[in-house]
There are 2 protein chains.
Amino acid sequence: MRRHFAIISSMPKRSSAATLADIALHAQVHKTTASRALDPERRHMVSPEVVGRVEAAARALNYRVNRAASALRTGRSGTVGVLLPDITNPVFPPILRGIEQALAAEGFFVLVADTGNEQAPDQAADRMLAQRVEGLIIATSSLHDPLVERLVRDQVKVVLVNRRDEDGSLPAVVSDDMLGMKLAVDHLVSIGHRRIAHLSGPLALSTGSLRQAGFRQAMAAHGLEPAGFAECDAYSCDAGEDGTRRLLDSEAEFTAIVAANDLIALGAIQALQAQGRKVPQDVSVVGHNDMPLMDRVSPPLTTVRILHYEMGFRAARLLLDSLRGVPGTTSTVVLRPELVVRGSSAPL
Amino acid sequence: MRRHFAIISSMPKRSSAATLADIALHAQVHKTTASRALDPERRHMVSPEVVGRVEAAARALNYRVNRAASALRTGRSGTVGVLLPDITNPVFPPILRGIEQALAAEGFFVLVADTGNEQAPDQAADRMLAQRVEGLIIATSSLHDPLVERLVRDQVKVVLVNRRDEDGSLPAVVSDDMLGMKLAVDHLVSIGHRRIAHLSGPLALSTGSLRQAGFRQAMAAHGLEPAGFAECDAYSCDAGEDGTRRLLDSEAEFTAIVAANDLIALGAIQALQAQGRKVPQDVSVVGHNDMPLMDRVSPPLTTVRILHYEMGFRAARLLLDSLRGVPGTTSTVVLRPELVVRGSSAPL
DNA sequence: ATGAAAGCGCTAACAT
DNA sequence: ATGTTAGCGCTTTCAT
């Protein structure tokens, strides 16, 4: 096309974007030389004077390398895919931000798929692989995830974030879920609670399963039995309300609830108040995650703070290292959570 | 490479990903035919029987089209860039989700850049253009945005979301900011308030500017003068606290505040309470956006609900139409907000 | 230090 | 309905 126009007349500028050939022409060098001059990694092979000419030409023609072409040639697309279950869940934005900033610093881009309900993560992953992403960061995985297993079989570079696989064989960046629950239980015990119930997340997820195990272990360490238990089928307020109603119906007696997640905790508070039980006077509630705004809900939520941003950032770094063949990138990074005491828990 | 291996020995399967040539070989057709058979748009040119053979081969070899190659050939990358100022601001996740789902439905991918503080949106946009995104959805633009002007000059397809440009010449999907403020003011007036102050957002942004104008206009319609005004330099709790302190220092007398945004409203409540003023008994506060969790903060926030998800969804649709050359895609879509009355506002 | 040639994998245009 | 040819724009050999 452009060539065609060029023959007809000297076009005003470019009918489409400038290419290396244009730069080469303008700077009076071969396009190979132009390519080298514009790449910091290979610039040293070119005389400073030529580098100057090429850069000037690139600026004059508003040149931008065509990543589709270089991706085809080199096999590197400069993109990484991120699979999220639901970006509107407040846990994920800071994770995504950490991922994005770690990758942007190295010139990589993030392709995001919010796999939500309708669209299966499998499809999203396949489309991403067609886009030739160099690796995948997955926040959607369950303990036994067929998708993840398939990806690993296909030798796709994968890092899990916020979730881990059953046998811990995949690189993952997570918070110490067992420790988090211990912090919550220890806090409640220290202010006098003995009858403590647990609202778990989905047990098919590592977070749900590990936090439940952490709860039981922490209780046992104090010589206590769980005073009640209900599994919530999602990390949402609704699921928390529902789980709490089941807990109340079971006629379990408890003075405190440890929830697997802040949203579940908010649902629990809602359900308790609907039954006339005051939080924290009648029942203390502790969440997990310390999502944004948890200091401003009513009552302000006592919770376990997780380093979301850092989780995303380190997951991205782990993937970058793995792409560059740095050894030891199969390791799992476990971040240390901390307790944040607010108004939803009170001495018995 | 692969060719090389193939000569040495019959490799176990593929040393790298299968290509069209592999499929063609396997299905005993020319690769052009294979290409046609795998593309729904061109499948009709191929006999059903051959389509079957090709599809079987593709499945057997786990074939995925190389988008880098097809992007180079067709000039279409199947990606769209999204520029966000801060994904951790709760306004943006639902917008991003709407964008993502509208685009995914058409086989497009989203490249996200969180331009935050450090990295200029300009750089992100340039890198995206190098990636050959087919268009850009921008949520970061100010009223006079040099970046947007440059992009338009370069004929980049751009849609603004949640923000608009000064003269409304660019396609944009926004909420009716003036109407939103009228809803807030009318509500307060209807429950007896007369002395109403405004905490605006940054006036360089269309939302800040239009909401301020909407506030003044709505007040004037009731024959009222603004009882006080402060510009907040960001849409954040901190900026809201700061603005409220300035309002209080100015010794303006008011019984209600209309904030340009929920986070600013939360900051205002914080600052008022710190001065011993109760919300809503002493001062009513109305927010804007109805971010997630605004029904659970203390007191539950009266606010103006914006259709964030739909805003993102329609912005993406607008861009898709524009990419396909549908006429009339320069139009601006204005969505209708609605008032949500909760506990932060009360009769005088 | 620079240039020439080749080809990544795909699809559009042109045969047959 | 299928095949042939060519080339998108880049970077990696391999010369010079």
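Residue numbers start from 1 in every chain, and the chains themselves are labelled A, B, ... in the order their sequence lines are given, proteins ahead of strands. Fair warning: this is a prediction, and the values are worked out from it, not measured in the lab. Because only heavy atoms are used, hydrogens play no part in the values below, and waters and symmetry mates are left out as well, while side chains stay in.
In this model, the phosphate group of C:dG3 is approached by a side-chain N or O of A:T33 to a distance below 4.0 Å at OP1 or OP2. At least one side-chain nitrogen or oxygen of B:S35 sits closer than 4.0 Å to the OP1 or OP2 atom of C:dT11. For B:S47 and D:dT2, the shortest distance from a side-chain N or O to OP1 or OP2 is below 4.0 Å.
One atom, CD of B:E41, and another, C1' of C:dA12, lie 14 Å apart when rounded to the nearest Å. Atom OH in A:Y63 sits roughly 7 Å away from atom C1' in D:dC10 (whole-Å rounding). Rounded to whole Å, atom P of C:dG9 lies 13 Å from atom CD1 of B:I23. One can place CG of B:N66 at 17 Å from P of D:dC10, the figure rounded to the nearest angstrom. Rounded to whole Å, atom P of C:dA15 lies 16 Å from atom NE2 of B:H30. Rounding to whole angstrom units, CZ of residue A:R42 and C1' of C:dG3 are separated by 14 Å. Atom C1' of nucleotide D:dC8 and atom CZ of B:R73 are separated by 6 Å, given to the nearest angstrom. Protein atom CZ of A:R132 is 20 Å distant from nucleotide atom P of D:dC10, rounded to whole Å.
Counted by atom type alone, A:S35 and A:R42 present one or more donor-acceptor pairs between their side chains at under 3.5 Å. Looking at B:S70 and B:R76, their side chains never bring a donor and an acceptor atom within 3.5 Å of each other. Using modelled atom types and a 3.5 Å distance limit, the side chains of B:S169 and B:D165 yield a donor-acceptor pair.
Using a 4.0 Å heavy-atom criterion, one finds that A:R36 contacts the bases of the nucleic acid, with or without backbone contacts as well. Looking at heavy-atom distances under 4.0 Å, B:T32 makes contact with a base.
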Quiz prompt | Trace of the side chain to side chain contact (heavy atoms under 4.5 Å, CB included) decision for B:R324 with B:D321 | solution = CA-CA 5 Å; B:R324 281 162 190 163; B:D321 288 347; 5.5 Å; no
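For the pair A:L72 and A:R76, nearest-nucleotide mapping onto DNA chain D gives the more 5' position to A:L72.
At distances below 3.5 Å, at least one donor-acceptor pair connects side-chain atoms of A:T115 with backbone N or O atoms of A:L84.
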